[in-house]
Amino acid sequence: MTITASGLVLAYRGTRAVDEVSLRLERGVTGLLGPNGAGKTTLLRLLATAMRPDQGSLSVLGHDPSSVRGRTEARRVLGYLPQNPGFHPGFTAFEFVDYVAILKEMTHRGARHAEVRRVLDSVGLAEVRGKRIKALSGGMRQRVALAAALVGDPGFLVLDEPTVGLDPEQRMRFRELIAEAGEGRTVLLSTHQTEDVAMLCRRVVVMKDGRVRFDGTPAELAALAEGRVWSSADRVPEALAGWRTGTGEFRNVGHPPAGAQLVEPTLEDGYLLALDGMVEAAA
């Protein structure tokens with residue numbers, strides 16, 4: 001259940017989108033946080049063998065994707081939900097997942113259709129599997145994409161922004177599915193939602209400018225902001241970030257002034273500081 005990346009580099013027009021990234025992923029859900037342009041999607045594509053690195057090595061559940069045979073074997077044991085799944089709107093949910101199953105070399109029609117029904121049932125779409133994708137809600141479409149990624153019961157699941165655009169109830173339901181998926185496999189979840197990481201992940205990786213800035217538990221990320229979050233009656237221009245809360249006071253993150261009223265930090269506070277480089281964040 002282990003995925004190992006060592007010194008991965010991928011450059012576009014002289015700029016390193018992924019810059020010497022080394023990771024070891026194990027069973028459970030790992031969150032990947034970072035701003036737009038941090039290199040998260042490029043890293044996920046590398047780990048999903050959709051792209052080849054310029055430098056570095058990768059092992060996906062014991063398979064080396066640098067060779068044609070190794071890449072084929074790696075793809076048989078991974079599932080990938082890209083940020084834009086590329087649905088054909090005329091397909092039904094069943095037809096789309098069946099198409100993915102064919103691409104995964106499931107040639108026996110009866111066994112393949114049984115697998116398609118299984119994964120659609122597992123994400124709660126048994127009753128709409130005959131509906132066309134264009135008639136489904138955004139939340140249901142994301143479930144279809146997750147079902148497609150789960151075809152073949154992969155040991156490694158790569159999810160790129162799966163909860164984007166979902167309303168709070170849909171996001172909660174999707175979290176249930178991701179948590180269940182992570183019970184018996186390795187899951188890498190890229191997201192902008194720090195609350196998804198706080199609720200789902202036993203580990204979190206923060207990227208910026210193609211590099212890993214933090215690698216540890218959500219509690220350790222929050223702890224980076226210990227002593228650096230405070231409340232005030234007025235706005236503090238020197239703060240890294242500050243906003244008025246529902247109580248009418250300002251919540252500030254950065255270097256507190258002497259005598260400041262410190263408050264308990266959150267994962268989001270630690271994330272902001274890790275990105276800004278105000279703390280030594282790399283584990």
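Keep in mind that the numbers below use all heavy atoms, side chains included, and drop hydrogens, waters and symmetry copies.
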State whether a side-chain donor-acceptor pair under 3.5 Å links Asn252 with Ser232.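 Side-chain D/A pair, Asn252 to Ser232: present.
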Any donor-acceptor N or O pair under 3.5 Å, side chains Thr245, Arg251: no
Look up atom [atom1] in [X] and atom [atom2] in [Y], then write down how far apart they are to the nearest 0.5 Å.
X: Ile133; Y: Thr92; atom1: CD1; atom2: OG1; result: 7.0 Å
X: Leu32; Y: Leu189; atom1: CG; atom2: CG; result: 8.5 Å
X: Arg71; Y: Ser67; atom1: CZ; atom2: OG; result: 7.0 Å
X: Cys201; Y: Leu267; atom1: SG; atom2: CG; result: 9.0 Å
X: Asp64; Y: Thr4; atom1: CG; atom2: OG1; result: 11.0 Å
X: Met51; Y: Leu44; atom1: CE; atom2: CG; result: 11.5 Å

Can you check whether Trp230 reaches Gln261 side chain to side chain, under 4.5 Å on heavy atoms? no
Non-hydrogen side-chain atoms of Phe214 and Glu220 separated by less than 4.5 Å: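 Yes - at least one pair of side-chain heavy atoms lies under 4.5 Å apart.
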Within the 6.0 Å centroid threshold, strictly below: His88 and Tyr99: no
If you compare all heavy atoms of [X] against all heavy atoms of [Y], which two are closest, and at what distance to 0.1 Å?
X: Ala149; Y: Pro154; result: O-CG, 3.3 Å
X: Arg45; Y: Tyr80; result: CG-OH, 3.3 Å
X: Ala48; Y: Val158; result: CB-CG2, 4.4 Å
X: Arg175; Y: Glu195; result: NH2-CG, 3.0 Å
X: Val212; Y: Leu23; result: CG2-CD2, 4.5 Å
X: Phe156; Y: Leu47; result: CE2-O, 3.8 Å

Between [X] and [Y], is there a side-chain N and carboxylate O pair less than 4.0 Å apart?
X: Glu105; Y: Arg76; value: yes
X: Arg228; Y: Asp269; value: no
X: Lys40; Y: Asp160; value: no

Just wondering, more than 12 heavy atoms not from [X] lying within 6.0 Å of its [atom1]?
X: Lys131; atom1: NZ; answer: no
X: Met140; atom1: CE; answer: no
X: Glu20; atom1: CD; answer: yes

Tell me whether Val187 is reachable from Leu200 by hopping between hydrophobic residues (I, L, V, M, F, W, Y) whose side-chain heavy atoms are closer than 4.5 Å. yes
